[in-house]
Number of protein chains: 2
Amino acid sequence: MDLDLALVRAFVATAGTLHFGRAAEELNTSQQALSKRIARLEELLGVRLFERQGGIRLSEAGERFLPAAREALAAGERAVAAVTGTGPVVRIDTWGHLYAPMRTVAEAVQVLGAVRWEPGPGRDWPSVAQALLRGDTDLGFGRVHPLPDGRDAGLTQRLVRLEPVDVVLSPSHPLAGADALRPSDLRDSILWCPAELNRLDFLRRFADEFRITRRHDGPNLGLDHLVQHLRTDPEGFTVFPADAPLPDHTGLRSIPLVEPTPLYAWSLAWRESSRHPLLDTLLRGFTEAGRTRRWLEYKPQRDWLPDTDHPKLAVR
Amino acid sequence: MDLDLALVRAFVATAGTLHFGRAAEELNTSQQALSKRIARLEELLGVRLFERQGGIRLSEAGERFLPAAREALAAGERAVAAVTGTGPVVRIDTWGHLYAPMRTVAEAVQVLGAVRWEPGPGRDWPSVAQALLRGDTDLGFGRVHPLPDGRDAGLTQRLVRLEPVDVVLSPSHPLAGADALRPSDLRDSILWCPAELNRLDFLRRFADEFRITRRHDGPNLGLDHLVQHLRTDPEGFTVFPADAPLPDHTGLRSIPLVEPTPLYAWSLAWRESSRHPLLDTLLRGFTEAGRTRRWLEYKPQRDWLPDTDHPKLAVR
DNA sequence: CCTATGCGACAACCCTCCGTTGTCGGCCGG
DNA sequence: CCGGCCGACAACGGAGGGTTGTCGCATAGG
């Protein structure tokens, strides 16, 4: 009971023109062949799709079939595009590269397939927002924070993942043996920041919220550099998304945070006035992945989320 | 370039077993026929889907194709189900019947087709919430307001439409000639309520917000009854969703409200722990319809929404 | 009432294509 | 080196889909 999409195509074309002759022309075939195709489809489905009485019009069943038929055609085209590499590509600019945003995008894309994408050169949220507004890129992915002067006006965003963060510290750190730690346990330690703290919205809010006053920041010299320092400083720590990969054999320990568990809010952003054709498919991929992998779980009494992220939460 | 889903089915089955013989058995055909089908599909796509070297495994292209192929098969099945009437039915309980909730559900379903649904006996939000929790129905649709005692715990809801409301009044009402009215213009008029006001969350909040103190309520005796009273009372008015149909030839006037425009918030609700198989399709229908018909537009400076509805808003 | 016209269905024909049966070749384990 | 398993290849037969040609049935106009 599998449809041949060629038949479905014939139906959709005929439903469009309501005229066998013209629809046949459109499909580069003859009226008779088209007539047979429709008849075949009708027999397969066991339902009359058109009422014929001097001209044709959609039957009630045809009316029900039409939108679903269009969907099926579109799905077929996406499948073909997925494998032949034809069709559009969506450019996705990510930021917060230290936290490996790509892995989440890749996972969401994999769920549905059929989306070809390429990473953009994104650096940070302000620059990606600008690129989106200029049309230099199609989609942004990372942690969004409010921009001054309405520099994000016209952009739509959607929260797609809340990721718990772990503490990362040296085995020589006094707390290294714990199975779980509370943020308040870290007050006596030194927060090592991967870049200048005033450019790290999440880390800054985290440190402020939990009164972590000993902080060490500096220019972004990459993950390895940070790891080096952490390894040698028994008082130092940093926080890191729980599923983001640390370089292997760093010898550092990753310990879950609880009471509360801080969450890192990953969002997609795009310019509403120029939606990319693949956007809907991609959003479905994130929705699907988010549900199965529980990417959007948030319990106010268990988790901590920066104030500015709260509006992004919603019953969805 | 239209796929034959029978070929796609062959591919998916083979990708599942990674064994031509067993997949052929599963498909009730011979190994040779299956082999030919795969070859045909590969030629059509111009890509090798399997690597053959003593046994088979998916090629890179096959890996990309698989999820999209599953999607296409599902879409095909939905299309067949839409027209043959096979497949599951989703029971949707609506409430606020005076405001004709069904029309919005019907519109959303129409966008994608393929969802068979039947209305339930819903009366009001509390009773529908209870029915959802008991599993007596699959989905609820109407305006959701918070319930006491956690009687809505375990239910997920999603805002799907914000509908402006119009004033409805008799032609003999002094304001009947206006092209648009402000809520504050109605302070001297009498709000006729279609039921007891303490059961009408939206109307109560509306009247309180805009200081409409003259109110007339009573048991719900139906739309016609309300219309009768409105027609004869030159001081009376009621408010009504802008797109909801009033009975024809009522002789009443409908006038848009502005500065601000009150919005009626329609939501879907379901029990997260027992998602109906059609729920995702249905949600996509609402998302799609919502975008094209601008069902979710809200400007705080232009519109008015009861406080309790604000958490439902979200960037999505 | 008759005819012209336009449209879709039906019939006959032909060829392509798909599934069948039978067989070969290549990769494995012993 | 050999046997067994698995997928590809070859040959054949029948169904199916496209072609051309024609008919039936509407509707409109004289």
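So you know, we letter chains A, B, ... as the sequences are listed, proteins then strands, and number each from 1.
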Phosphate OP1/OP2 of C/dC18: any B/Thr29 side-chain N/O under 4.0 Å: no
Below 4.0 Å: OP1/OP2 of C/dG19 and any side-chain N or O of B/Ser30: no
Note: B/Arg275-B/Asp280 ion pair, threshold 4.0 Å (strictly below): yes
Value in whole Å for how far the C1' atom of D/dC25 lies from CD of A/Glu51: 16 Å
Interface with DNA chain D, restricted to residues 37-44 of chain B and to heavy atoms under 4.0 Å: none
Backbone N/O of A/Asp243 and side chain of A/Glu163: donor-acceptor pair under 3.5 Å: yes
Atom pair distance, as rounded to whole Å: CG in B/Leu7 and C1' in C/dC17: 12 Å
Protein proximity profile, nucleotides 4-9 of chain D - base contact B, sugar-phosphate-only contact S, no contact -, cut-off 4.0 Å on heavy atoms: --SBBB
Salt bridge B/Arg64-B/Glu60, side-chain N to carboxylate O under 4.0 Å: yes
Main-chain N/O of B/Ala68 paired with A/Arg78 side-chain donor or acceptor, under 3.5 Å: no
ring-ring contact (aromatic ring centres under 6.0 Å, His included), paired with A/Phe141, selected from A/Trp266, A/Trp117, A/Trp270: A/Trp266
Pair assignment for DNA chain D - dot-bracket with | for other-strand partners, Watson-Crick or G-U under 3.5 Å: ||||||||||||||||||||||||||||||
Salt bridge B/Arg40-B/Asp4, side-chain N to carboxylate O under 4.0 Å: no
Any donor-acceptor N/O pair, B/Thr94 side chain to B/Pro101 backbone, under 3.5 Å: no
side-chain contact (heavy atoms from CB on, under 4.5 Å) partner of A/Glu42, the single match among A/Leu45, A/Leu44, A/Ile38: A/Ile38
Minimum heavy-atom distance A/Leu41-A/Leu7, with the two atoms named: CD2-O, 3.8 Å
Plane angle bin for A/Phe240 and A/Tyr99 - parallel if under 30°, tilted between 30 and 60°, otherwise perpendicular: perpendicular
